[in-house]
Structures are given as structure tokens and as C-alpha cells.
Trainee: 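What follows is a structure written as C-alpha cells; I'll ask about it next.
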Amino acid sequence: QVQLVESGGGLVQAGGSPRLSCAVSGGTFSSNVLGWFRQAPGKEREFVAAVTWRGGYTSYADSVKGRFTASRDNAKNTVYLQMNSLKPEDTAVYYCAARTSFIFSSRLSDYAYWGQGTQVPVSS
């Protein structure tokens, strides 16, 4: 059973650059693609970025491309989401998720394991 624990959230000013972490335990072999999703107040959860354990390949939503960077540290079993130039519209609860397949996906239903989420309010 894969377990995911996010950290690094908290209030940040517009233009800030926080980094979220997601600690993965319980079998990284079942989590070949790690995804980041977010859910803004009153909106549906949406894909943000994804990274693979092997090779560190990445994929991004158009809304964050060029501002956010997903990465991983295999030795620490941790994935990261570096967020730069934050905007108030980036305000959301950010979730880490894992899927067994090696193929990238932006669909929530393709991810079997989810963290509890971490809030990132962005003030203007």
C-alpha cells in the first residue's frame, strides 16, 4: 500500500516561490508516475504536473508550464513541486498522487493513491 504525505504548504504572497514535498512510502515500485493535482475553492480537482521515478521525465499543465517544476529524489523517496511566480489564481489545495503505470496521465481516475493535500493560499 503506497502512502503519500505532502508538506510545504502555507500562506504565500503573489510572486512567491514555495516548494511542496511529497514523501512516498510503502512500495515505490507501485508508483512509477507521481502526479501533482490541485483543487481551488468551488472548482474541480485538476492536473498540475507529473514526474517519473525512473529518468525524472516530467509533464505539465499549460497553466503552470514555465513556472512550476516537478522533480524527484530517489534516495529520499520524495517528489517535489517547485512553484515560482505564484498568482492568486494558484490558490488551492495541492495533492500528490501515484499511479502504477509508466505512462503519463492527467486524469484523476488513473491515479490509485492520493495524499491528504496541503493548502497553498496566495495573497495578492
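As a basis for the values below, the full set of heavy atoms in this structure was taken, side chains included, without hydrogen atoms, waters or symmetry mates.
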Trainee: Check whether Gln119 reaches the backbone of Gly9 with its side chain - one donor and one acceptor, N or O, closer than 3.5 Å.
Mentor: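 Pair absent, no side-chain N/O of Gln119 close to backbone of Gly9.
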Trainee: Verify, without hydrogens or angle tests, whether Thr52 (side chain) and Tyr57 (backbone) share a donor-acceptor contact under 3.5 angstrom.
Mentor: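 Yes; at least one donor-acceptor contact below 3.5 Å.
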Trainee: Are Val24 and Tyr113 linked, directly or through intermediate hydrophobic residues, by side-chain heavy-atom contacts shorter than 4.5 Å (ILVMFWY only)?
Mentor: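 Tyr113 and Val24: one cluster.
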Trainee: How long is the span from the OG atom in Ser123 to the CD atom in Gln13, to the nearest 0.5 Å?
Mentor: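 With rounding to 0.5 Å, OG (Ser123) is 5.0 Å from CD (Gln13).
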Trainee: Inspect the surroundings of CD in Gln116 and state if more than 12 heavy atoms from other residues, nucleotides or ligands are less than 6.0 Å away.
Mentor: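 It does: Gln116 CD has more than 12 such atoms within range.
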Trainee: Does the side chain of Arg67 reach to within under 4.5 Å of the side chain of Met83, using non-hydrogen atoms?
Mentor: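 Arg67 vs Met83: side chains apart.
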Trainee: Could you tell me which non-hydrogen atom of Pro88 sits nearest to which non-hydrogen atom of Ala14, and how far apart they are?
Mentor: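 Heavy atoms of Pro88 and Ala14 come nearest at CD-CB, 4.2 Å.
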Trainee: Looking at Val51 and Ala70, what are the two nearest heavy atoms and their distance?
Mentor: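 What the structure gives for the nearest pair is CB-CB, 4.1 Å.
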Trainee: If I take atom CG from residue Leu34 and atom CZ from residue Arg99, how far apart are they, to the nearest 0.5 angstrom?
Mentor: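 One finds 11.5 Å between CG of Leu34 and CZ of Arg99.
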Trainee: Report the relative orientation of the aromatic rings in Tyr95 and Trp114; use parallel for angles under 30°, tilted for 30 to 60°, perpendicular for over 60°.
Mentor: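 Answer is perpendicular, since the angle exceeds 60°.
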Trainee: To the nearest 0.5 Å, tell me how far Leu108 CG sits from Glu44 CD.
Mentor: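 Interatomic distance, Leu108 CG to Glu44 CD, rounded to 0.5 Å: 9.0 Å.
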Trainee: OG/Ser59 to CD1/Ile103 distance, rounded to the nearest 0.5 angstrom?
Mentor: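 The OG atom of Ser59 sits 12.5 Å away from the CD1 atom of Ile103.
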Trainee: With a 4.5 Å cut-off on side-chain heavy atoms, are Asn74 and Trp53 touching?
Mentor: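 Sidechains of Asn74 and Trp53: in contact.
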Trainee: Would you compute the distance between atom SG of Cys96 and atom OH of Tyr111 and round it to the nearest 0.5 angstrom?
Mentor: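 Output value for this atom pair is 10.0 Å.
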Trainee: Could you tell me the separation between the CZ atom of Arg19 and the CG atom of Leu81, rounded to the nearest 0.5 Å?
Mentor: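 Nearest 0.5 Å value for the CZ-CG distance: 10.5 Å.
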Trainee: Taking Val93 as the starting point, is it possible to reach Leu20 by hopping between hydrophobic residues whose side chains are less than 4.5 Å apart?
Mentor: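 No, because Leu20 and Val93 fall into different hydrophobic clusters, even though each may have its own neighbours under 4.5 Å.
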Trainee: Following the transitive rule for hydrophobic clusters with a side-chain heavy-atom cut-off under 4.5 Å over Ile, Leu, Val, Met, Phe, Trp and Tyr, establish whether Val120 and Tyr60 coincide in one cluster.
Mentor: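 Same hydrophobic cluster.
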Trainee: Which atom pair, heavy atoms only, marks the closest approach of Val12 to Pro18?
Mentor: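 For Val12 and Pro18, the tightest heavy-atom pair comes out as CG2-CD, 4.1 Å.
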Trainee: Looking only at non-hydrogen atoms, find the nearest pair between Val79 and Trp36 and report the distance.
Mentor: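 Minimum heavy-atom separation between Val79 and Trp36: O-CZ2, 3.9 Å.
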Trainee: Using side-chain heavy atoms (C-beta onward) and a distance below 4.5 Å, is Ser63 in contact with Arg38?
Mentor: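 Result yes, sub-4.5 Å side-chain heavy-atom pair found.
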Trainee: Ignoring hydrogens, what is the shortest heavy-atom contact between Asn32 and Ser101? Give both atom names and the distance.
Mentor: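 In terms of heavy atoms, the two residues are closest at CB-O, 3.6 Å.
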Trainee: Ser21 and Thr78: which non-hydrogen atoms are nearest, and at how many Å?
Mentor: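 Ser21 and Thr78 have their closest heavy atoms at CB-CG2, 4.2 Å.
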Trainee: Would Arg45 pass as a cation-pi partner of Phe37, given that its NZ or CZ must be under 6.0 Å from the six-membered ring centre and within 45 degrees of the axis?
Mentor: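 No, Arg45 does not sit over the ring of Phe37.
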Trainee: Same hydrophobic cluster for Tyr94 and Phe47, using side-chain heavy-atom links shorter than 4.5 Å among ILVMFWY?
Mentor: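 Each belongs to a different hydrophobic cluster.
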Trainee: Do Ser105 and Val33 come close enough that some side-chain heavy atom pair is under 4.5 Å?
Mentor: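 No, their side chains stay 4.5 Å or more apart.
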Trainee: Got a salt bridge between Asp90 and Lys87, using NZ or NE/NH1/NH2 to carboxylate O under 4.0 Å?
Mentor: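 The answer is no: the pair does not qualify as a salt bridge.
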